[in-house]
Amino acid sequence: NRMNPPVILYRFGHFLHSRKLPLLGKFISYCNRLIFGVWLPSSAQIGHNFTLGYWGIGIVIHSQTRIGDNCLVSQNVTIGRNFGDTRVPVLGDDVYVGTGSVIFGEITIGDNVIIGSNTVVNKDIPANTTVVGNPFRIIAKDRDKKYWEYD
């Protein structure tokens, strides 16, 4: 299991939040912020087998974000809303987000996507692709392998 301490705290806070105890959930979120330097709000919806690079240093995730199963978010990543938007990014299953990337806007990231380090994502990304750069460009399509299957 790849769970690390900030994810364990998030799971506890999310449990409290989902049991109609949002203030306790928010308290857990602030504990995560103070102890690990990650903003991983208890109100976010995050799937199974989620992990954070380097225990989440510098990561900021919007409170309404939805992240699928088997995702890895590296350090110094921001996932949030663009000015004027009402919705936030939705990440599918098996998504890898590289160090320093920024994902924002009313967008959807498909399943089995690799987002390279320092990539800026402000548009939808189709499933089974690899993207890099600012603005991002697709460098691989129709991948079968998951990010953890590469050497």
Side-chain angles (χ1 to χ4, degrees), residues 1-4 6-15 17-18 22 25-26 28-30 32-33 36-151:
N1 192 348
R2 300 178 302 167
M3 266 202 342
N4 46 28
V7 175
I8 293 168
L9 266 181
Y10 157 78
R11 297 281 183 215
F12 180 60
H14 185 73
F15 171 81
H17 182 85
S18 65
K26 189 171 263 195
I28 298 298
S29 298
Y30 279 104
N32 238 344
R33 174 73 177 97
F36 298 108
V38 56
W39 183 246
L40 183 58
S42 298
S43 57
Q45 297 176 30
I46 298 174
H48 301 288
N49 204 26
F50 174 73
T51 195
L52 299 170
Y54 290 93
W55 288 6
I57 293 174
I59 293 174
V60 177
I61 295 178
H62 192 278
S63 62
Q64 297 170 3
T65 299
R66 288 186 295 152
I67 299 175
D69 296 335
N70 305 313
C71 292
L72 188 153
V73 175
S74 300
Q75 67 275 17
N76 294 315
V77 166
T78 299
I79 301 173
R81 186 172 62 196
N82 199 5
F83 294 112
D85 287 350
T86 56
R87 294 182 297 115
V88 298
V90 175
L91 281 67
D93 296 336
D94 306 305
V95 174
Y96 172 85
V97 182
T99 302
S101 293
V102 178
I103 302 170
F104 64 96
E106 297 179 335
I107 61 172
T108 300
I109 309 301
D111 295 340
N112 194 29
V113 167
I114 296 174
I115 299 171
S117 296
N118 297 313
T119 298
V120 176
V121 179
N122 61 351
K123 295 178 184 155
D124 292 346
I125 298 176
N128 304 309
T129 58
T130 301
V131 299
V132 297
N134 178 13
F136 79 84
R137 66 188 188 286
I138 296 173
I139 62 167
K141 294 181 179 181
D142 301 321
R143 280 188 305 94
D144 292 330
K145 287 178 142 182
K146 308 296 184 203
Y147 69 86
W148 64 84
E149 295 175 328
Y150 289 93
D151 290 326

Colleague: Ignoring hydrogens, what is the shortest heavy-atom contact between Ser74 and Gly98? Give both atom names and the distance.
Modeller: CB-C, 3.7 Å

Colleague: What is the minimum heavy-atom distance between Pro89 and Phe104, and which atoms define it?
Modeller: CG-CA, 4.0 Å

Colleague: Would you tell me whether Asn49 and Asp69 have side-chain atoms, one donor and one acceptor, within less than 3.5 Å of each other?
Modeller: no

Colleague: Can you tell if the side chain of Thr65 reaches within under 4.5 Å of the side chain of Ile103, non-hydrogen atoms only?
Modeller: no

Colleague: Could you state the interatomic distance from OG1 (Thr108) to CD1 (Ile125), rounded to the nearest 0.5 Å?
Modeller: 10.5 Å

Colleague: Drop me the distance from His62's NE2 to Ile79's CD1, to the nearest 0.5 angstrom.
Modeller: 11.5 Å

Colleague: Are the side chain of Thr119 and the backbone of Gly133 linked by a donor-acceptor contact shorter than 3.5 Å?
Modeller: yes

Colleague: Counting only heavy atoms not in Arg66, do more than 12 sit closer than 6.0 Å to its CZ atom?
Modeller: no

Colleague: At what distance, to the nearest 0.5 angstrom, does CG of Asn70 lie from OH of Tyr147?
Modeller: 6.5 Å

Colleague: If you measure from OG1 on Thr86 to CZ on Arg81, what distance do you get to the nearest 0.5 Å?
Modeller: 8.0 Å

Colleague: Answer yes or no on whether Lys123 is positioned over the face of Phe136, meaning its NZ or CZ is under 6.0 Å from the six-membered ring centre and within 45° of the axis.
Modeller: no

Colleague: So, do Leu40 and Ile46 sit near enough that their side-chain heavy atoms are less than 4.5 Å apart?
Modeller: yes

Colleague: Are any non-hydrogen side-chain atoms of His14 and Ile28 less than 4.5 angstrom apart?
Modeller: no

Colleague: For the backbone of Ile139 and the side chain of Thr130, can you confirm whether one donor and one acceptor N or O come within less than 3.5 Å of each other?
Modeller: no

Colleague: Checking side-chain contact (heavy atoms from CB on, under 4.5 Å) against Leu91, which of Val113, Val97, Ile107 comes through?
Modeller: Val97

Colleague: Take the angle between the ring planes of Phe36 and Trp55 and call it parallel below 30°, perpendicular above 60°, tilted in between.
Modeller: perpendicular

Colleague: Could you go through the side-chain contact (heavy atoms from CB on, under 4.5 Å) check for Asn128 and Asn112 one step at a time?
Modeller: CA-CA 5 Å; Asn128 304 309; Asn112 194 29; 2.9 Å; yes

Colleague: Checking the side chain of Asp111 only, and the main-chain atoms of Asp93 only, is there a donor and an acceptor separated by less than 3.5 Å?
Modeller: yes

Colleague: Please say whether more than 12 non-hydrogen atoms of neighbouring residues, nucleotides or ligands are located less than 6.0 Å from OH in Tyr54.
Modeller: no

Colleague: Kindly indicate whether the side chain of Arg137, heavy atoms from C-beta on, has any atom under 4.5 Å from the side chain of Val132.
Modeller: yes

Colleague: Does Val73 reach the side chain of Ile59, with side-chain heavy atoms less than 4.5 Å apart?
Modeller: yes

Colleague: Show, in sequence, the C-alpha distance, side-chain angles and deciding distance for Asn82 and Asn122, and conclude whether the side-chain contact (heavy atoms from CB on, under 4.5 Å) test is met.
Modeller: CA-CA 9 Å; Asn82 199 5; Asn122 61 351; over 6 Å; no

Colleague: Under 4.5 Å between any side-chain heavy atoms of Tyr10 and Asn32, yes or no?
Modeller: yes

Colleague: Once rounded to the nearest 0.5 Å, what's the spacing between atom CD1 of Ile109 and atom CD1 of Ile67?
Modeller: 10.5 Å

Colleague: Where is the tightest heavy-atom contact between Pro41 and Ile61, given as atom of each residue plus distance?
Modeller: CD-O, 3.1 Å

Colleague: Can you find a pair of side-chain heavy atoms, one from Ile115 and one from Val77, that are under 4.5 Å apart?
Modeller: no

Colleague: Return the set of residues passing side-chain hydrogen bond (donor to acceptor under 3.5 Å, both in side chains) with Ser101 (not counting sequence neighbours), or none when no residue passes.
Modeller: none

Colleague: Any side-chain heavy atom of Thr51 sitting closer than 4.5 Å to one from Asn4?
Modeller: yes

Colleague: Quick check for you: to the nearest 0.5 Å, what is the distance between Tyr30 atom OH and Ser42 atom OG?
Modeller: 11.0 Å

Colleague: Take atom CZ of Arg143 as the centre, draw a 6.0 Å sphere, and report whether it contains more than 12 heavy atoms from other residues, nucleotides or ligands.
Modeller: yes

Colleague: Using a cut-off of 6.0 Å, state whether more than 12 heavy atoms not belonging to Lys26 lie near its atom NZ.
Modeller: no

